[in-house]
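A, B, ... follow the sequence lines: proteins, then strands. Residue 1 opens every chain.
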Amino acid sequence: MSKGVTPQSKNFSAWYNDVVKKADLAEHGPVKGTMVIKPYGFALWDNIKYALDSMIKESGHVNAYFPLFIPKSFLAQEAKHVEGFAKECAVVTHTRLKAVNGDMVVDPESKLEEEVIVRPTSETVIWAMYKKWIQSYRDLPLLINQWANVVRWEMRTRLFLRTTEFLWQEGHTAHATAKEAEEETVTILEIYRRLAEEFLAIPVLTGQKTEIEKFAGAEHTYSIEAMMKDKRALQSGTSHNLGQNFAKAFNVTFQNKDNKEEMVYATSWGVSTRIIGAVIMAHGDDKGLRLPPKVAPHQVVVIPISRNDEQKKVIKKYLNPILDKLKNNSVRVNVDWREESPGFKFNDWEMKGVPIRMEIGPRDIENNQVVLARRDTGEKSTVQANDIADTIAKMLIDIHDNLFAEATDFMKNNTNEIDSYDEFKKIINDGGFIRCGWDGTSETELKIKEETGATTRVIPFDENPKGLKCIYTGKPAKHEVIFAKAY
RNA sequence: CGGGGUGUAGCGCAGCCCGGUUAGCGCACCUGCUUUGGGAGCAGGGGGUCGGAGGUUCGAAUCCUCUCACCCCGACCA
């Protein structure tokens, strides 16, 4: 294997692929577009999952699990929803194989009466079940989340960002009123924002999607959008207000306090393994990953430097109380005892983005100290043994803050408020976000997309369209909107 | 679905144009010794139905035909 990765400046997408593989996060599976998430990548996902799952539970939701297979007819119940997903559904048509002349072939006799699809998302199965579970206003709200895999047979795939099968959580809630459903949608978006900013150190824009960009089957969609280091946008979490669309499709009604029958209001929302792509591309550099400390599989990696077995024993003894202290502080620490040179290990763990490296050699033991190196800045410092636990606790917070600040500056510096379409085209071509007026029509949006490749990302919550003109038509702006090229 | 590319050892590749004993190289792996504060060195060693099927030929990784798969770039999408 060659050393290092393609520099970001040379070819960002090659850099991305190199980092995913060399940091040992994932590799391609044997079927087109599939991905094997390797232990290091999965440990990262586990930590993200734990953080998000905790917030979902704290906000009153419970986890459940619904089936992978969905009757084909279910998808057809909600017209817009079918339109959105029909083109990319894996369909199960038979239930067994048989051996013919040493080859395995599909047994034609096992053809299914009703074909089954592999879920591209679970609204339809879940609403078929909710119909059974909801009769009264007393059954509401129903606040369920599931962690699952889904399959979307996309034309073009990329590790983590768009894979044929991916992991995610999908929340599906049912409410008695439109107001409650709307509050839920916003509550969840706030959880997603906190996940991105407080755990992953990725600043995000929050806001509403346009008609064109919203989820198939939703009344409206909110999303968090992050800027990657190539200045493109990555939609990193979405929260949909489904109105009564699915209740109508599956005829889910309840009796209210006044003994009247009403349709249920719904939401759905999801964050997927795609967010790992955001972590990679929001923070990574030419040495590899730079992981945010709160979700890094190892927050500290210890590199013992010894010349012989005798020294190894001394280091081990010196290290034990330090490790105990760190573990008592819930610091995730990993000691790399592999038979490799220190230089090799330095590079390896830098590629893997471990926030802090601790070097311990004879020199340190002599002076009752350790050497700490920060992955975010590259700074090295010497710390007295007694201060290690405190210093590391502070340093981890500081690394998080620094990553967040860097990413925030980057996004700010590459977000342009402009009012000329010529400028728009130029900026989109160079990369970056544009905040500008928009007349609110799909026609304008589509024309801009066609001419520049940019799409609307969100109508930000803090928009102020008063006095603005549409960047394209010059008409009075209905909304202020963010345009960017997106993943 | 269009365009480009690649299938040869675990990984990355050369060999193919111009067919010819035993198919090479780097990394990784195994053994031993010396090493270890920024990708260690030396010596020895193991590992291959050259993506698949057919054909041409005395002889095919190499030429011909068909086929399969994956990757990258676009359009579609989270």
Under 4.0 Å, counting only non-hydrogen atoms across every strand here, what does A/V371 touch: a base, just sugar-phosphate, or nothing? base

Kindly say if A/S341 contacts the phosphate of B/rA40, meaning a side-chain N or O under 4.0 Å from OP1 or OP2. yes

Integer angstrom distance from the C1' of B/rG47 to that of B/rG24: 14 Å

Need one value for A/E154: base, sugar-phosphate or nothing, where a base atom within 4.0 Å counts as base even if backbone is also close, heavy atoms only. base

B/rC76 phosphate, OP1 or OP2, under 4.0 Å from A/R156 side-chain N/O: no

Matching residue for A/E27 among A/K22, A/K38, A/K21 - test: salt bridge (Lys or Arg N to Asp or Glu O under 4.0 Å): A/K38

Is the phosphate of B/rG37, meaning OP1 or OP2, less than 4.0 Å from a side-chain N or O of A/R363? no

Evaluate A/Y130 against A/F250 for ring-ring contact (aromatic ring centres under 6.0 Å, His included), listing each step before the verdict. CA-CA 9 Å; A/Y130 281 6; A/F250 288 86; over 10 Å; no

In whole Å, what separates the P atom of B/rC16 from that of B/rG59? 22 Å

Hey, mind stepping through A/R193 and A/E190 against salt bridge (Lys or Arg N to Asp or Glu O under 4.0 Å) and telling me if it holds? CA-CA 5 Å; A/R193 186 197 64 76; A/E190 173 61 11; 2.8 Å; yes

Assess the residue pair A/E340 and A/K345 against the criterion (salt bridge (Lys or Arg N to Asp or Glu O under 4.0 Å)); give the C-alpha distance rounded to whole Å, side-chain angles, the decisive distance to 0.1 Å, and a yes or no. CA-CA 7 Å; A/E340 300 283 357; A/K345 291 178 185 176; over 6 Å; no

Contact class for A/G33 (heavy atom, under 4.0 Å): base, sugar-phosphate, or nothing? sugar-phosphate

Ranking A/F215 and A/P304 by the position along RNA chain B of their nearest nucleotide, the one closer to 5' is A/P304

To the nearest Å, give me how far apart CZ (A/R232) and P (B/rA78) are. 15 Å

Sort out the partner of B/rC66 for me: Watson-Crick or G-U wobble, both distances under 3.5 Å, none otherwise. B/rG52

Would you mind classifying the nucleic acid contact of A/N17 as base, sugar-phosphate or nothing, using non-hydrogen atoms under 4.0 angstrom? sugar-phosphate

Taking a pair to mean Watson-Crick or G-U wobble geometry with both distances below 3.5 Å, B/rU21 pairs with none

Scan A/I303 against the nucleic acid and name what it touches under 4.0 Å (heavy atoms): base, sugar-phosphate only, or nothing. nothing

Would you measure the distance from the C1' atom in B/rC73 across to the matching atom in B/rA14 and give it in whole Å? 26 Å

What's the closest nucleotide to the side chain of A/H28 if the choices are B/rC71, B/rG38, B/rG39? B/rC71

From A/K209, A/K485, A/R435, residue fulfilling salt bridge (Lys or Arg N to Asp or Glu O under 4.0 Å) relative to A/E225: A/K209

Base of B/rG38 paired with side chain of A/R357 (donor-acceptor, under 3.5 Å): yes

Check this one for me: any side-chain N or O of A/K449 less than 4.0 Å away from OP1 or OP2 of B/rC76? yes

Just to be sure I understand the rule, does A/T163 reach a base, reach only the sugar-phosphate, or reach nothing, if contact means heavy atoms closer than 4.0 Å? base

Please determine if a side-chain N or O atom of A/N308 lies less than 4.0 Å away from the OP1 or OP2 oxygen of B/rU36. no

Complementary nucleotide of B/rG32, counting Watson-Crick and G-U pairs under 3.5 Å: B/rC42

Only pairs with both distances under 3.5 Å count, Watson-Crick or wobble alike; so what is the partner of B/rC76 in this structure? none

Once you round it to whole Å, what is the distance between P of B/rG10 and NZ of A/K38? 15 Å

When rounded to the nearest Å, what value does the distance between P atoms of B/rG55 and B/rA61 take? 15 Å

Looking only at atom P, what distance separates B/rU67 and B/rG74, rounded to whole Å? 28 Å

Write down the distance separating the C1' atoms in B/rU8 and B/rU62, rounded off to the nearest Å. 12 Å

Using the P atom as the reference point in each nucleotide, state the distance between B/rC50 and B/rA60 in Å, no decimals. 12 Å

What is the nucleic acid contact for A/S13, judged by heavy atoms within less than 4.0 Å: base, sugar-phosphate only, or nothing? sugar-phosphate

Applying the 3.5 Å cut-off to both distances, the Watson-Crick or G-U partner of B/rC27 turns out to be B/rG10

